[in-house]
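Written below as structure tokens is the structure these notes are about.
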2 protein chains.
Amino acid sequence: MATKISGEPSSPTNAPKPRAEGQRGPARALEPVNNRMPISPQIYERLRRAITTLTMLPSEALSEQDLAKQLGVSRTPVREALIRLADEGLIDILPQRGSFVAPIRLSDVEEAQFIREALEVSVVQKLAGHGSQEFLATARANLARQAKAVAEGDRELFLELDEAFHRSLSEEAGLPKSWRVIQVVKLQMDRVRYLSLPEPGHLETLLAQHVAIFEAVEAGEAKQAGARMTAHLREVLRTVQRLSVARPDLFGR
Amino acid sequence: MATKISGEPSSPTNAPKPRAEGQRGPARALEPVNNRMPISPQIYERLRRAITTLTMLPSEALSEQDLAKQLGVSRTPVREALIRLADEGLIDILPQRGSFVAPIRLSDVEEAQFIREALEVSVVQKLAGHGSQEFLATARANLARQAKAVAEGDRELFLELDEAFHRSLSEEAGLPKSWRVIQVVKLQMDRVRYLSLPEPGHLETLLAQHVAIFEAVEAGEAKQAGARMTAHLREVLRTVQRLSVARPDLFGR
DNA sequence: GTTGACATACTACCATGGTAGTGTGTAGAA
DNA sequence: TTCTACACACTACCATGGTAGTATGTCAAC
């Protein structure tokens, strides 16, 4: 019924929402969610983005009630999203006290790095020499776009392509769950990477490493691919460690 | 663990629960939860155990409503536990249709094995030569108890000690999050292992492998330790694969 | 016997009210 | 000034009611 598109606050088709909120606009930082799709995942996704992009800073409080009001939904789906974020280590829930954006703990970041390295090195070793033609073509295209992004200094786009590149390795290796794990632990580093300072030549280095990994995978040199992945990920960790001294305010313990 | 204290529902100190449920006992399969502790984690833990021990079989339905009644709580904490179990791949939630114990998918089990191997091999390689005296002593004691359990044919106890042994490796290496990941993916295998047939000499093999790993770790031979861990975990996978042909009824797709 | 419409009985999902537990500010005593 | 008692404002947590969506059984039409 009423397969409405886009304009949804204009026609209250079947909206028995009391919504008794005529109060002054409380400077909402988050837009209301689309309420024709499952709500809880939307909230999770939004908060995850807000946290990894540092729109929400470490130690910032997240109240079920406040978020529900800002998003125009009830507290239940908000709570479910918070629980999931807590499971992934992005927020800390203190019972009966409050929920807070987790501080960036260097020890956590380093262990995330350990996990990611162990997994992703194994992934490329398994993948080496077994990539389909489509995969190789797609990856090559991705690398070309990465080169373009680097040339244009589009850091945001590069990070996106970076993620897609790494994901495609796991997926082509037939290891989707592994990517899920990598993705979760990667969140810890993403928060820091997002503000990683524009160090000259950094993106070029990462791109060159991507290319090197790809070539080893294509040539079927498993050990080589693994070694290059290790070097690549350690490069990423280095930037995190540099930032931990440059911006100690964001780190905890 | 499992040191059940038992007597806790006897003193309803502050139980203002309306609990208007004088209905006939509906053959409850689950005992009511202890309501002076956080409820949701208790439910999660209980269901996890029921699923991994195959008390609840694949494809069995789990209704929020039914479980809530059986456990004597409301539907909310049940729902939260189900969401967490779904995140970990133990149940499938079909929106507006129902929640069901996930079938054992051989592909999932094999990928879980991949993840576990990648992580745990890295763990022992890192740990090799760096174990504290207390750790070495504790591990030795554990292995002795394993030997005793094998001699007495106590499979249940052996599995417990097995888990403790593996966990202690991660923790001593300073990698608690890694253990968490291992633990989650291990759930997929545990379901199968739990009914693993009493193959003569199997436990002895596993014990010998544990000892071999420990000795390599103690001697600081990282590569050796990693290789032995690989062999050990592949042995475990073998039993899973054998069972997938012996009990195809439990497997899906 | 087959097919399709429709009532019914479920389900997960969201909204909302109530409660115990925790931090904080404030008033009074030392 | 320093401490303690206590009211208050807040939190996460759980209970419960209501709704849209899905499956299934029933019955009419073919």
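Lettering follows sequence order; numbering is per chain, from 1. Reckoned from all heavy atoms, side chains included, excluding hydrogens, waters and symmetry mates.
For B:Glu80, taking side-chain heavy atoms from C-beta onward, the closest of the listed nucleotides C:dC14, D:dC14, C:dA12 is D:dC14. Residue A:Gln96 places its side chain closer to D:dA12 than to any other of D:dA12, D:dC14, C:dA15.
Environment of CZ in B:Arg48: crowded, with over 12 heavy atoms of neighbouring residues, nucleotides or ligands closer than 6.0 Å. Residue A:Arg167 places its CZ atom among more than 12 non-hydrogen atoms of other residues, nucleotides or ligands, all under 6.0 Å distant.
The residue among B:Gly98 and A:Met37 whose nearest nucleotide of DNA chain C lies closer to the 5′ end is B:Gly98.
Using a 4.0 Å cut-off, no side-chain N or O of A:Arg97 falls inside it from OP1 or OP2 of D:dT11. Phosphate contact (OP1/OP2 of C:dA15, side-chain N/O of A:Ser74, threshold under 4.0 Å): present. Between D:dC13 and A:Arg75, no contact under 4.0 Å exists linking OP1 or OP2 to a side-chain N or O. The phosphate of C:dA12 has OP1 or OP2 within less than 4.0 Å of a side-chain N or O from B:Ser99.
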Query raised in the report: Stepwise, does the side-chain contact (heavy atoms from CB on, under 4.5 Å) test hold for A:Trp179 with A:Val123?
Result: CA-CA 9 Å; A:Trp179 172 247; A:Val123 166; over 6 Å; no
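Of the N and O atoms on the side chains of A:Ser99 and A:Glu64, not one donor lies less than 3.5 Å from an acceptor on the other residue.
A salt bridge between B:Arg180 and B:Glu88 is present, with a side-chain N of the basic residue lying under 4.0 Å from a carboxylate O of the acidic one.
Less than 4.0 Å separates DNA chain D from at least one heavy atom of each of the following residues of residues 56-68 of chain A: A:Leu62, A:Ser63, A:Glu64.
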